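The structure under discussion appears below in the form of C-alpha cells.
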Amino acid sequence: AFSDAGCHLFQDNRPMTMALSVLVIIELLNALNSVSEDQSLLMMPPWKNWYLIGADCLSLAFHFMILYIPFFADLFQLDPLNMAEWQMVLYLSLPVILLDEVLKLIARNTVDAIPKKKTE
C-alpha cells in the first residue's frame with residue numbers, strides 16, 4: 001500500500017504540523033474541560049474563569065505564530081495549514097470533549113453509588 005510513497009513523504013512538514021496542531025487543540029480543550037473533575041461543562045462552564053480563557057487564547061495565539069510567521073515556521077520546521085486541514089484538526093480534536101464528559105458521567109455515577117464509610 002505504501003510502495004508508491006517515496007522518501008519525500010518523510011521530508012514533508014505538513015503531517016508533523018497537523019499532528020502538533022491536533023495535540024495543541026486537544027490540550028487546550030482538556031484545560032477547558034478540567035475546570036471541574038466530575039461536573040459537566042454545562043454545570044461549571046469554563047468562561048467563568050477568565051484567566052483560563054486568557055491562557056488558552058494566548059497559547060493558541062503562540063501556536064498560530066509558529067505556524068504563520070515564516071521565521072518561526074522555519075525554525076520549528078512547520079508548514080501553515082489551510083482551511084481543510086484545520087477542519088480535519090478540529091474533527092480529530094473535538095471528540096475529546098465528549099470523551100471527557102462521558103468519563104465525568106461515569107465518575108459521578110460510580111462515586112455516588114459507592115457507600116461512604118463512617119469515620120470514627
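Numbers for residues simply follow the sequence, beginning at 1. Remember, it's a predicted structure, so these values are computed and weren't measured experimentally.
Remark: Leu32 CG to Asn49 CG distance equals 9.5 Å, nearest 0.5 Å. Taking NZ from Lys104 and CE from Met43, the interatomic distance works out to 11.5 Å, rounded to the nearest 0.5 Å. Of the inter-residue distances, the one linking Leu58 atom CG with Leu28 atom CG reads 10.5 Å to the nearest 0.5 angstrom. Rounding to the nearest 0.5 Å gives a distance of 5.0 Å between OG1 of Thr17 and CG of Asp79. The line from CE of Met65 to CZ of Phe76 is 7.0 Å long, rounded to the nearest 0.5 Å. The distance from atom CZ of Phe62 to atom CZ of Phe72, rounded to the nearest 0.5 Å, is 9.5 Å.
When all heavy atoms of Ala73 and Leu67 are compared, the closest pair comes out as CB-O, 3.8 Å.
A continuous path of hydrophobic side-chain contacts links Leu20 to Leu94 [ILVMFWY only; heavy atoms under 4.5 Å]. By the rule that hydrophobic residues join a cluster once side-chain heavy atoms approach within less than 4.5 Å of another member, Ile66 and Met16 end up as members of one cluster. When hydrophobic clusters are built by joining Ile, Leu, Val, Met, Phe, Trp and Tyr residues whose side-chain heavy atoms come closer than 4.5 Å, directly or via intermediates, Leu23 is not grouped with Leu92. Using a 4.5 Å cut-off between side-chain heavy atoms of Ile, Leu, Val, Met, Phe, Trp and Tyr, with links allowed through other members, Leu81 and Leu60 fall into the same hydrophobic cluster.
Residue pairs meeting the ring pair (Phe, Tyr, Trp, His ring centres under 6.0 Å) criterion with at least one member in residues 35-56, sequence neighbours excluded, do not occur. Every pair tested for ring pair (Phe, Tyr, Trp, His ring centres under 6.0 Å) that includes a residue from residues 18-44 fails, sequence neighbours excluded, so the list is empty. Pairs passing the side-chain hydrogen bond (donor to acceptor under 3.5 Å, both in side chains) check and including a residue from residues 19-30, sequence neighbours excluded, read Ser21-His63.
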Step-by-step side-chain contact (heavy atoms from CB on, under 4.5 Å) determination, Val96 to Leu29: CA-CA 7 Å; Val96 76; Leu29 292 172; 3.8 Å; yes
Side-chain donor/acceptor pairs under 3.5 Å, residues 82-91, sequence neighbours excluded:
unit_1: Asn82; atom_1: OD1; unit_2: Ala84; atom_2: N; d: 3.1
unit_1: Asn82; atom_1: OD1; unit_2: Glu85; atom_2: N; d: 2.8
unit_1: Glu85; atom_1: OE1; unit_2: Arg14; atom_2: NH1; d: 2.9
unit_1: Glu85; atom_1: OE1; unit_2: Asn82; atom_2: N; d: 2.9
unit_1: Glu85; atom_1: OE2; unit_2: Arg14; atom_2: NE; d: 3.4
unit_1: Glu85; atom_1: OE2; unit_2: Arg14; atom_2: NH1; d: 3.4
unit_1: Trp86; atom_1: NE1; unit_2: Tyr68; atom_2: OH; d: 2.7

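In this structure Ala55 satisfies the side chain to side chain contact (heavy atoms under 4.5 Å, CB included) test with no other residue, sequence neighbours excluded. Listed by chain and number, the residues in a side chain to side chain donor-acceptor pair (under 3.5 Å) with Ser40 are Glu101 (sequence neighbours excluded).
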